[in-house]
Amino acid sequence: MTERASGLSHAELVKAAEAAAERAILADRDVVDEQLLLEALTERHASHHA
């Protein structure tokens with residue numbers, strides 16, 4: 001997980017966490033699992049380097 005977060009600002013990390021939480025809510029899950037967070041971090045990383 002640290003590798004995917006590397007290079008992102010605190011603001012981008014917060015956005016990734018919020019995106020993962022939103023996905024968990026929309027999927028009717030009680031928790032944000034590692035996979036959701038990794039996906040959100042990957043997307044933030046991609047948009048940061050685009």
Set of residues satisfying salt bridge (charged side-chain N to carboxylate O under 4.0 Å, His left out) with respect to Arg4, sequence neighbours excluded: none

Look only at the side chain of His45 and the backbone of Ser6, and say whether a donor-acceptor pair between them is shorter than 3.5 Å. yes

Taking side-chain contact (heavy atoms from CB on, under 4.5 Å) as the definition, give me every residue that meets it alongside Glu3, ordered by chain and number, with sequence neighbours left out. none

Return the CG to CE distance between Leu37 and Met1, rounded to the nearest 0.5 Å. 4.5 Å

Taking only residues two or more places apart in sequence, or in another chain, which ones meet Glu39 in a side-chain contact (heavy atoms from CB on, under 4.5 Å)? Arg23, Gln35, Leu36

Table please: side-chain donor-acceptor pairs of residues 9-16 below 3.5 Å, with sequence neighbours left out.
{"unit_1": "Ser9", "atom_1": "OG", "unit_2": "Ala11", "atom_2": "N", "d": "3.4"}
{"unit_1": "Ser9", "atom_1": "OG", "unit_2": "Glu12", "atom_2": "N", "d": "3.1"}
{"unit_1": "Ser9", "atom_1": "OG", "unit_2": "Glu12", "atom_2": "OE1", "d": "3.4"}
{"unit_1": "Glu12", "atom_1": "OE1", "unit_2": "Ser9", "atom_2": "N", "d": "2.9"}
{"unit_1": "Glu12", "atom_1": "OE1", "unit_2": "His48", "atom_2": "ND1", "d": "3.4"}
{"unit_1": "Glu12", "atom_1": "OE2", "unit_2": "His48", "atom_2": "ND1", "d": "2.7"}

